[in-house]
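We count ligands from 1, going down the list as the structure has it; atoms in each ligand are counted the same way. Just so you know, these numbers use all the heavy atoms, side chains as well, and skip hydrogens, waters and symmetry mates.
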Amino acid sequence: MNEYVLGVDLGTSAVKVSAMNRDGEIVAQQSYDYPLSQPHPGYSEQNPEEWVSGTTVAIVQLILEDHIKPEEISGISFSGQMHGLVLLDENNQVLRPAILWNDTRTSKQRAEIEDKLGDKFVEITKNQPLEGFTLPKLLWVKENEPNIWAKAKTFVLPKDYVRYRMTGQIAMDYSDATGTVLIDVKAGDWSKAICDAFDIPVSMCPPLMKSIDSAGHVSESYALFSGLDTHTEVFGGAADNAAGAVGAGILSPNMVLSSIGTSGVVLKYEEDPTVDYHGVLQFEYHAIPDSFYSMGVTLAAGYSLNWFKRTFAQDVSFNDMVASAGDSTVGANGLIYTPYIVGERAPYADADVRGSFIGVDGTHQKRDFVRAVLEGIIFSFKDIMDIYDEHDKEFDTVVAIGGGAKSPLWLQIQADIFNKKVVSLTNEQGPGMGAAMIAAVGLGWFKDFQECAEKFVHFGKEYLPNAENAKKYDQLHKIYGQVYNQTKDLSHQLLDYRRENDK
Ligand SMILES: Nc1ncnc2c1ncn2[C@@H]1O[C@H](COP(=O)(O)OP(=O)(O)O)[C@@H](O)[C@H]1O
Ligand SMILES: O=C(CO)[C@@H](O)[C@H](O)COP(=O)(O)O
């Protein structure tokens, strides 16, 4: 009999479910898109029911269209978009739409946390209390929706909610839990000091589990709903970036991950939990037991390109639009884009900065703008790489994943801007692959992730830096680096204007 694991990658734009066999081959894949609601500047919400129905439709299609037999599915695990607040009442009913990682309405709550706990907060959580993280969202609901807060019994993160609907068990895994910024990283548990400081009952925080721990089996009700079998075991899963790192084989400190999804991430495996980036980079528990990772996040990476296409290039296909940048030049004929169109996290923790095109000239064409968007996103990744350089962190290989890694041109731009070797995967399913690997290790198919990676992770083409381009990009990155400080006050004023006039 065939035996499969399912990796559920619960992204921001879609859920993708991959079925993998014991040899690490993807035998079938289904996905389902869902909408994002952005009713006011800085707001970003999703209906958790969309995640459940999207995941279920994808599973049903695997069974009906791809003929994966339910009795052949041994395990399921998850990779989930991080930080999103799903508030549940005493019957585990969802109380309001989920407030997502890219929602930045919580600047007031961020300031309250900083005022009250200052450096102590970073000491405990190893992170800053940024707008996108879960604690400021909890405080926003407490302050602005007291009737909902009064009914709140517990909270979970996006993939935890889907896991709950599959198994009936409420839990959160460590890698996602660090992203709530309610975890005492040294103690490896919920921080009573932080809960007490903001009057959040510790009892609201769900039980913690490891990524590879079993959360039980598919419940009878979910089996009826999805066509799955109740023998299928469900494992904790991980934050999408932790799962992406596992799926990309980032299992040692000499490798760095570059991920272009809706957001963009530069991530490094960390063995030493005492390394201190003072909260400028995020520091999280890994999906691999007893290890950690650090990362810097560009809020609008793939989102920038989607925004550009939606607004200015609806008439061409995505591939053609990206390919047109190849007819521009290194440096987009002197045009620079900063990708701060929904605010930024790293290296500038500024929810109110906004993006810019600098150097717009009467001769610029659409292809130059596309090229500037591709380059600006990678300049922002280079800012994170520079932080690793400042901390004397050495690495020689960058593994590129996410939707953005589909483009060979963009991969070469990464190699040239980073001035490092960039490697893609033979399929770009980093997080979904990581989710499937968590189920495979959880089931005991492999003794650890290293052994699993030898079967599951396959590197594809290598992109080497072109010395001439790298030199030009180094010069351009220095100009790019000045744009934030020189435009932030202007964009803050314009955002204030929008807020005053937002109906
Ligand atoms: N052919 C392509 N070339 C380059 N980038 C692409 C291509 N197709 C999609 N993308 C980018 O990939 C992003 C989606 O990546 P994905 O990893 O699927 O995101 P998420 O997990 O956030 O839903 C899109 O925002 C888009 O900008
Ligand atoms: O907020 C973060 C990481 O801190 C994001 O990386 C989210 O986890 C969403 O990821 P994508 O949907 O872009 O994959």
So, Asp350 versus Tyr484: side-chain donor-acceptor pair below 3.5 Å or not?
-> yes
When you measure from atom 14 (O) of ligand 2 to each heavy atom in Leu130, Asp240, Asn102, which option holds the nearest one?
-> Asp240
Show which atoms of ligand 1 fall inside a sub-4.0 Å distance from at least one heavy-atom site of Asn319.
-> 1 (N), 2 (C)
Note the single closest protein heavy atom to atom 4 (O) of ligand 2, along with its residue, its atom name and the distance in Å.
-> His83 NE2, 2.6 Å
Has ligand 1 got any nitrogen or oxygen that is less than 3.5 angstrom from a nitrogen or oxygen of Ser263?
-> no
In ligand 2, the atoms that come under 4.0 Å of a heavy atom of Thr262 are 13 (O)
What atoms of ligand 1 come within less than 4.0 Å of a heavy atom belonging to Gly404?
-> 5 (N), 11 (C), 12 (O)
Report, in ascending order of atom number, the atoms of ligand 1 lying under 4.0 Å from any heavy atom of Ser407.
-> 3 (N), 4 (C)
With a cut-off of 4.0 Å, which atoms of ligand 1 are near a heavy atom of Gly302?
-> 25 (O), 27 (O)
Report yes or no: does Gln81 have a heavy atom closer than 4.0 Å to ligand 1?
-> no
Distance-only polar pair, side chains of Tyr340 and Ser491, donor-acceptor under 3.5 Å | no
Hey, which of Val297, Ile384, Leu281, Ile387 is the one that makes side-chain contact (heavy atoms from CB on, under 4.5 Å) with Val266?
-> Ile384
Is the side chain of Lys210 donor-acceptor paired with the backbone N or O of Gly237 at a distance under 3.5 Å, no angle test?
-> no
Polar side chain donor-acceptor pair, Ser175 to Asp173, under 3.5 angstrom | yes
Within 4.0 Å of some non-hydrogen atom of Met295, the atoms of ligand 2 are 3 (C), 4 (O)
Given Leu305, Asn306, Ile401, which has its nearest heavy atom closest to atom 26 (C) of ligand 1?
-> Asn306
Looking only at side chains, do Asn241 and Glu284 share a donor and an acceptor under 3.5 Å apart?
-> no
Counting each atom of ligand 1 from 1 as listed, which ones have a heavy atom of Thr12 under 4.0 Å away?
-> 23 (O)
Any idea which atoms of ligand 1 are less than 4.0 Å away from a heavy-atom of Gly402?
-> 17 (O)
Take Ser18 and Gln29 through the test side-chain hydrogen bond (donor to acceptor under 3.5 Å, both in side chains) and record every step on the way to the result.
-> CA-CA 4 Å; Ser18 314; Gln29 245 176 354; 3.2 Å; yes
When you measure from the centre of the six-membered ring of Phe395, is the NZ or CZ of Lys420 under 6.0 Å away and within 45° of the axis?
-> yes
Has ligand 2 got any nitrogen or oxygen that is less than 3.5 angstrom from a nitrogen or oxygen of Gln81?
-> no
